[in-house]
Amino acid sequence: MIRHECDVAIVGAGPAGLAAAAEAAKHGVRAIVVDENPAAGGQYYRRRRGEAPDADARKMEEERAALLEECQSPHVTFLLETTVWGETPDGRLLLERHGRTELLQYRRLIIANGAYERVVPFPGWTLPGVMTAGGAQGLAKGGVFPGKRTLVAGSGPFLMVVATELIRSGVDVVAVLEANRQGALMRRAGLSLLDPTKGREGLRYWRQLKDAGVPIRFGHAVLRAVGEDGVEAAVIGQLDDEWRPVPGTEETVAVDTICVGFGFIPSVELPRLLGCEHEYNAARGGWVPVVDDNMQTTRDGVYVAGEVAGIGGANPAMIEGRLAALAAVVSLQEEEGRPGDKAAARRMADLKGQRRKARGFSDQLMAMFRFFPGIYDIMTDDTVVCRCEEVPLARVKGYLMDEGAGLGGVKVLSRAGMGRCQGRVCGSALAGWMARQRGDAAGEPETLNVRMPLKPVPFAAVAELDRLEQERRTGS
Amino acid sequence: MVAAGTTSRDEEKLTVHVDGIPMEARRGDTVAHVLLGAGRVGFRRTEVTGGVRGVFCGMGMCYDCLVHVRDRGLVRACMVAVTDGMEVTTSGREGA
């Protein structure tokens with residue numbers, strides 16, 4: 001069994017993880033960066049196939065290259081195609097690579113494993129051609145978007161980013177559908193529009209969509225996907241202020257793909273497994289780890305940075321990556337009895353200031369885009385809620401109404417949430433829909449329990465733990 | 001694996017066999033890139049109903065895009081980088 005060892009382990013090689021590794025490299029601490037993907041960069045810096053099509057794309061490629069360059073150090077090792085799936089009783093991370101288990105021992109841990117899209121099930125959403133907005137962006141960047149005519153729908157500023165990327169790829173984006181009404185967005189906008197950088201960026205996307213003749217239809221959503229072997233059309237409709245579909249407003253639009261996303265959910269499975277406390281923060285995507293101003297969680301030596309710490313985009317992510325790494329480095333120095341580093345302390349204070357500003361702006365932007373559970377009315381009894389186990393809403397309904405089960409009970413009885421994705425896709429919709437059915441006041445939704453393995457691993461990888469247990473018992 | 005991302009090496013041409021058919025790919029492609037590039041949008045059949053799936057999340061979260069890779073077993077097409085000579089078998093052969 002391969003055993004790795006380092007000073008600072010970093011989970012996730014996206015903007016936050018890379019920024020953390022770059023900072024660690026500067027201070028000569030040994031860092032190991034783990035990522036499931038075959039390439040570093042995360043979702044934000046997903047590699048583009050071919051020439052960058054415009055100045056914005058070129059700038060992003062340059063940023064990516066510069067960050068990777070900073071990480072090129074004898075002190076930094078990347079373990080790619082490697083999944084973190086648990087923790088041993090003595091606090092080592094369990095990794096899986098190509099079907100085998102590896103161990104990672106660390107003195108400090110920075111979790112920077114990002115977020116995933118919030119989706120809302122709808123009739124026909126399992127048809128090939130329906131994908132998440134993030135998935136669409138990745139495929140477009142890779143030059144393999146599987147469609148010619150599409151809709152980008154859901155909610156959040158990310159939809160415009162995706163639509164822009166699709167247009168660059170030569171895809172006909174028929175419309176962007178934003179569930180929030182324009183008036184409601186403007187009303188909640190407040191001061192966020194005054195920030196010159198972000199305001200300009202937002203306007204640029206708007207301009208690109210306008211120039212490409214792509215309408216943004218506020219207060220609209222995809223109600224169902226239609227087709228035999230794949231998407232052939234989308235039925236769209238208006239939503240009221242609570243996001244309930246307005247009867248009589250349906251339109252059918254011929255498309256071969258549908259890109260949907262309702263914002264992002266922090267991937268907090270690992271910090272939850274490690275026992276870190278979490279709190280609910282709606283503007284930041286839901287449950288997020290409780291942290292001090294050094295980005296340390298309630299578990300000593302474990303830090304978080306980036307989207308996993310709360311949705312906010314690449315800017316706060318990179319600041320937090322550096323801050324967490326610096327805090328980890330300083331903490332290691334203290335542990336070793338080394339004298340306090342004044343330069344490091346100054347830099348940390350500076351990064352904290354930057355973080356406050358960056359998070360302040362992103363919080364304001366995200367607060368504009370509220371989420372209303374009325375949208376769950378688009379699900380019918382036949383709608384497959386759990387894609388993995390193919391559980392229709394009707395089956396979930398039966399258990400909720402008859403048995404009065406909570407989220408965990410519904411999972412056990414209906415199998416919804418029991419599949420390979422472990423409830424990452426359906427969990428939020430299940431919890432949100434159930435809360436609405438019960439008439440729960442809007443508040444902290446239930447979540448599915450988290451236990452090892454954090455992602456499916458082959459049995460052979462788990463079987464290797466037997467040897468570890470033997471070692472522990474015999475002290476060898 | 002140490003390299004975090006390179007340039008010229010990524011344009012290296014490879015051959016990937018998908019359901020017995022040799023297809024051209026480039027280093028840095030994932031299996032999903034190859035499948036979608038060849039027009040295979042629905043390439044997986046689910047275990048429960050045999051429903052057809054393809055790429056949904058594209059980032060390794062949803063486990064819809066499962067394919068079988070020789071000597072690797074069942075993997076997420078969107079997460080696995082192709083190697084020269086890789087043999088991929090899908091469960092949702094179009095027309096099959």
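Below, chain A is the first sequence line, B the second, and so on; all start at residue 1. Scope of the values below: all heavy atoms of this structure, side chains included, with no hydrogens, waters or symmetry mates.
Between A/Gln137 and A/Val161 there is a side-chain heavy-atom pair separated by less than 4.5 Å. Contact of the B/His17 side chain with the B/Val88 side chain is not registered, since no non-hydrogen atoms from C-beta on lie closer than 4.5 Å.
If you measure heavy-atom distances from B/Leu74 to chain A, the contacts under 4.5 Å come from the side chain alone. Only the side chain of A/Thr83 has a heavy atom closer than 4.5 Å to any heavy atom of chain B. For A/Val119, the part sitting under 4.5 Å from any heavy atom of chain B is the side chain, from C-beta outward, and nothing else. Neither the backbone nor the side chain of A/Pro458 has a heavy atom closer than 4.5 Å to any heavy atom of chain B. Interface residue B/Asp64: only side-chain heavy atoms are found under 4.5 Å from chain A. Contacts of A/Glu36 with chain B are made by both backbone and side-chain atoms, with heavy-atom separations under 4.5 Å.
Taking the charged nitrogens against the carboxylate oxygens, A/Glu165 and A/Arg48 do have a contact shorter than 4.0 Å, which makes a salt bridge.
Residue-environment remark: CG (B/Asp84) exceeds the threshold of 12 foreign heavy atoms within 6.0 Å.
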request  = Could you walk me through whether A/Glu96 and A/Thr101 pass side-chain hydrogen bond (donor to acceptor under 3.5 Å, both in side chains), step by step?
outcome  = CA-CA 5 Å; A/Glu96 179 261 328; A/Thr101 286; over 6 Å; no
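Side chains of B/Asp19 and B/Thr90: a donor on one and an acceptor on the other come within 3.5 Å.
In terms of heavy-atom pairs under 4.5 angstrom with chain A, the leader among B/Glu47, B/His33, B/Arg72 is B/Arg72. With chain A as the partner, the residue from B/Cys57, B/Gly54, B/Gly58 showing the most heavy-atom pairs under 4.5 Å is B/Cys57.
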